[in-house]
Structures are given as C-alpha cells and as structure tokens.
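For reference, the structure discussed in these notes is given below.
Just so you know, these numbers come straight off a predicted model, no measurement behind them. Within every chain, numbering begins at 1; the chains are lettered A, B, ... in the order of the sequence lines, protein sequences first and strands thereafter. Heavy-atom basis, side chains included; hydrogens, waters and symmetry copies ignored.
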Number of protein chains: 2
Amino acid sequence: MQSEQEFLRHYDSSQFPSPIVTVDSVLFTLKDGALCVLLVKRANHPQQGYWGLPGGFIDMLRDDTIYQTAMRKIVEKTGVTPAYLEQLETFSGTERDPRGWSLTTAYFALIAYQNCQTQIDDVLDAKWWSVKQIPSIKEIAFDHQHIIEKAIHRLEQKTLYSMLPVYCLPDEFTLSELQTVIETILDKPIQRKSLVRRFDASGIFEETGKFAATGSRQAKIYRKMDNVDIQNFSRNLGE
Amino acid sequence: MQSEQEFLRHYDSSQFPSPIVTVDSVLFTLKDGALCVLLVKRANHPQQGYWGLPGGFIDMLRDDTIYQTAMRKIVEKTGVTPAYLEQLETFSGTERDPRGWSLTTAYFALIAYQNCQTQIDDVLDAKWWSVKQIPSIKEIAFDHQHIIEKAIHRLEQKTLYSMLPVYCLPDEFTLSELQTVIETILDKPIQRKSLVRRFDASGIFEETGKFAATGSRQAKIYRKMDNVDIQNFSRNLGE
DNA sequence: GCAATAGTGTCTTTAAGACATTATGTA
DNA sequence: TACATAATGTCTTAAAGACACTATTGC
C-alpha cells in the first residue's frame, strides 16, 4: 500500500482538466446620492472593450486565499483598499465564459467615495455606474450583470438587519449621512427614530466631540470604534 | 488587432497553472433525535482512511454547474437525492489540501432520515455523525471540520427566520415533529405558539386530512405544498 | 376518570413605525 | 425672528414570549 508521502510525491494536479478559475468583486460606493458599482473596461480578450467587474486569476505565488486575490485585484485596478470585503457566491458553468467551463468566486465590497475619488478618477478605464443604469448597459462582460444583481440583493438584506452601510462612509460621519446611505441602498425612506435606536443599541459607535455645520443646527459627528465588528439585529427594518 | 474568435481559437486554459478545484457538501439529517452530518471514509489519498465530506472533482463533461457536481456527488456516494441543496461558501488556500493550492465550494443539504435510511445503511464507508461528536473526531480530512461548523451556523441562522427545517422531515409530518426538528437544530426549546403562528402565516403548508396516532390525542398531518419556496420572516425566533 | 399530547386564548414584552415636539444652529 | 435640520418623546403596532387553558385520544 502506497503511503501518502509517496502519493504526494507523484501527484501532479496539472494533468487533470480543470475549469477556468477567477475571482471578481462588486465594489459599491455612494456617489452623487446614488448607489454605484465600479466597472472596468476590459483591455484583453475575451469580451475586450466590455465593462466587467474588477477581478482576475488567482496568483498562487502571491495569494494565500481567494480573499487575498479579491483584495489584490481591487487594489491593482483602483489603487484603493475597500473598507469592507465579503465573499458573495461562486458562479459556474459552461456558458458564462466563452473560453469554456469556468468558475468565479464573487466578493462584494464597500468603500467611501471620499476615500477613493482621486485614485479612481485617475484610472481611465474604471468607472462608477449607478446601479439604476446597470440594466441598460449592453456591453457588460460574462454574467457580471447577474452577479451585480445578487450583490445588490445581499447588500439590501444586510442593510435591513445591520449597520453595514457605515462602510460606505468616511471614518467620521453624522447620523443624517448614515441615514442617507441606508435610504439610498434601500431606495426608500426609513424612520430616523428607528435608526437612532439601533445606532445606540449597537454600541459600536462613539462621538468624536466634533460637529458638522450643515446650514442649520449642527450635527454630532460620530465614528465607528476600532476593532469592533458589525453585528446583526434580530429584526429587519421597514417591513 | 486580433478578433475574439481568433483569440478563442488559440486559447488553451490548460497552459495556465490552476488551483485544485473540488465541491463538497455538508448533508444534514435528524437521526435518533440528534442533528447529524454524513461523512464518508476516504478510499484514496490524500488523507486516506480519514472521514471527509461527500464531494470531489467537477466532471466538466457531465456537470453544467457546480450545483450539479454537488448533487451528483451526493447521489453517487449515498444513492439518495437531498430535499434541499444550497451553496454555502468557497474555501481556499495553500494549506488546506496537501496536494497544493486548492479551492472547494461547499454546499449544505437537508434530507429526511426516513428517505435515506436504507440506502445509507448499505454504504459501508458512509456514516452519520452527530454534530455534537464531530469536534471529538480526530480523523477528519482537510478543513472539513471548519466547513461543517460554518454549515451548522448557517442552518441555525436560517432556522431562526424560516421554515427550512421542514426539509429534514418526510413529505407528511406533524407540527410536533417540525417543532422537534427545530429544537434539535437550535439545541433549545422554542414556543409552540410562535411556531404555529409562523406555520400558519407562511401559507406554504396544507392539511392532508390524516391524523397521527401518538398514544394520546391525534396530531394533524400536514405537507408542504408543491412548488412553493421557503420565504423568510422579518424577525428571528428566540431572542 | 387520568395521563399524555395536541392545540387555543390571551396577556406581556420587545422593538419598530408614526409623527409630534423640542433644540440649536444660520440668515 | 424665521427657518432648516438635528435630536427626542411618546403613542401605536406587529410579532414573539410566556403560560394557562381546553380538546381529544388511549388506557
């Protein structure tokens, strides 16, 4: 009977056929009052010239996990590090990529527009698209339209039962700004009182002591405390 | 400039290094009042003789998507078709498989013990393990222990806000049986009244007109209606 | 009738919805 | 002072928790 060491010495994974494996990310931000997704114009075949999600192949020498692949690709294509990155779902099949049987693990990510505005404006072939105009873009690569829809749905759901949208804001923000982000994601108004109650109950925010001048009464400026995670509420908002 | 057709004609994905890609499933059932996971004794290297999740390589000729890979592997290893199958998460890294950089998309599945008892008893190298004894099994392959933990957590969460546990029951069942499944998954009692309210509100169950003789008052026997999906409640139970 | 399990009634509790009210800044 | 936006108070509502109570069966 062969030992495992013996087996591994002779094992060559490249002799087995394998699907094309990629990692793609749906990066969201809030820009001009609209929820936006970053798309990159594809420089190479296949689907050259089409708009696609930032992503690409795993670099097995540099990436310890596909989380790192997702993060590396976002940094490479945009120059910025998202505030939040979470695995979404893995999409697969024979039809989704013309090169053949393929599999992509999609991530979704959040960033404050203020934290990436200049870097992304520098990248000519990267562009923020409002999620409302996405369905009208004909030249979206592969099944990325479908992936974006799934990501939007996940973001909406998490917005109903967590404070995740803070990651669309800069380090310091007012409650009204948070409310605006949430309402933009959900595409409907929410009760400020409900937000305040959750904000207080979460215990993850602290006052900076500063105030924002908004043209009328000044708003308290808060920040999320360091090293605290976003936890879930046991009910959904708005239903 | 090269056309996409030209590009695809010369494209050979096998010339690029690729991680080892597999699909694994965490199949749950309720057996002897305990939530159990199916593990299969590994016949081949690596980790020969260890207990692992039912799964394996994608067969690109037979599987249209990895969902089908997951389903096919469960059927091959157990002879039964799970009542429910959902993608869990994709796990990746250099360390998790001794053969090298690997990636596995994990699914989680539910089945009624009554619907698979005989088939699985026939399979000598497949065994149901109570989730409570899983941590004590030393010979679990790869990171499957970790994957099982994630699957248990997902199942618990979904049990708090949906009727998903019905898929652990046969087609016809009583409310008390459903309550028992839920309490076993959550490992704590729930209010029967709360269950009844959700059961009624869901609108996805119907009376069969039959009754179960339990030694005392007979219980109504229900079934899930055909072609209806499990929807989510906007609150969690038990908190 | 008694024990056991099935099923209902109803009061309490929790957290969100609605919206009026008060507070504080700028013009 | 008027106005705008920030922040709070408080009543209502929705759905879960608690638990008592009734119903039906086998013995």
Which residue pairs pass the side chain to side chain donor-acceptor pair (under 3.5 Å) test with at least one member in residues 130-141 of chain A, sequence neighbours excluded?
A:Lys132-A:Asp187

N/O donor to acceptor pairs below 3.5 angstrom from side-chain atoms of residues 159-166 of chain A, sequence neighbours left out:
from	atom 1	to	atom 2	distance (Å)
A:Thr159	OG1	A:Leu155	O	2.7
A:Ser162	OG	A:Lys158	O	2.8
A:Ser162	OG	A:Leu164	N	3.1

Please name the pair of heavy atoms, one in A:Tyr107 and one in A:Tyr67, separated by the smallest distance, quoted to 0.1 Å.
OH-N, 3.3 Å

For B:His153, the ring-ring contact (aromatic ring centres under 6.0 Å, His included) test, sequence neighbours excluded, returns none

Cation-pi check, A:Arg154 onto A:Phe108 ring (under 6.0 Å, within 45° of axis)
no

For the residue pair A:Leu38 and A:Thr29, establish whether any side-chain heavy-atom pair is separated by less than 4.5 Å.
no

Whole-Å distance, B:Leu195 CG to D:dG17 P, equals 11 Å

Applied to residues 32-41 of chain B, the salt bridge (charged side-chain N to carboxylate O under 4.0 Å, His left out) test, sequence neighbours excluded, yields none

Not counting sequence neighbours, which residues clear side-chain contact (heavy atoms from CB on, under 4.5 Å) with B:Val228? List them please.
B:Ile204, B:Lys224, B:Met225

Residues that A:Tyr167 engages under ring-ring contact (aromatic ring centres under 6.0 Å, His included), provided they are two or more places apart:
A:Tyr84

Boundaries of the chain B footprint along DNA chain C (any atom under 4.0 Å from a heavy atom)
C:dA4 to C:dT10

For B:Ser216, which residues count as a side-chain contact (heavy atoms from CB on, under 4.5 Å) partner, sequence neighbours excluded?
B:Thr214

Ordered by number, residues from residues 167-186 of chain A within less than 4.0 Å of DNA chain C (heavy atoms) are none

With a 6.0 Å cut-off on the ring centroids, do B:Phe142 and B:Phe91 count as close?
no

DNA chain C contacts made by residues 152-166 of chain A, counting heavy atoms under 4.0 Å
none

Verdict with supporting geometry, A:Ile190 and A:Gln179, side-chain contact (heavy atoms from CB on, under 4.5 Å):
CA-CA 8 Å; A:Ile190 61 160; A:Gln179 182 169 359; 4.2 Å; yes

Quick one: what's the B/S/- string for nucleotides 8-16 of chain D, heavy-atom cutoff under 4.0 Å, read 5' to 3'?
-BB---BBB

Give me, pair by pair, the N or O atoms of the protein and of nucleotides 23-27 of chain D that are less than 3.5 Å apart, along with how far apart they are.
from	atom 1	to	atom 2	distance (Å)
D:dA23	N3	B:Arg217	NH1	2.7
D:dT24	O4'	B:Arg217	NE	3.4
D:dG26	O4'	B:Gly215	O	3.3

Among B:Leu53, B:Thr69, B:Leu27, find the residue that satisfies the side chain to side chain contact (heavy atoms under 4.5 Å, CB included) test when tested with B:Ile74.
B:Leu27

How close do A:Asp143 and A:Arg96 get, counting heavy atoms only, and between which atoms?
OD2-NE, 2.7 Å

Aromatic rings A:Phe173 and A:Phe205: how do their planes relate, parallel, tilted or perpendicular, breaks at 30° and 60°?
perpendicular

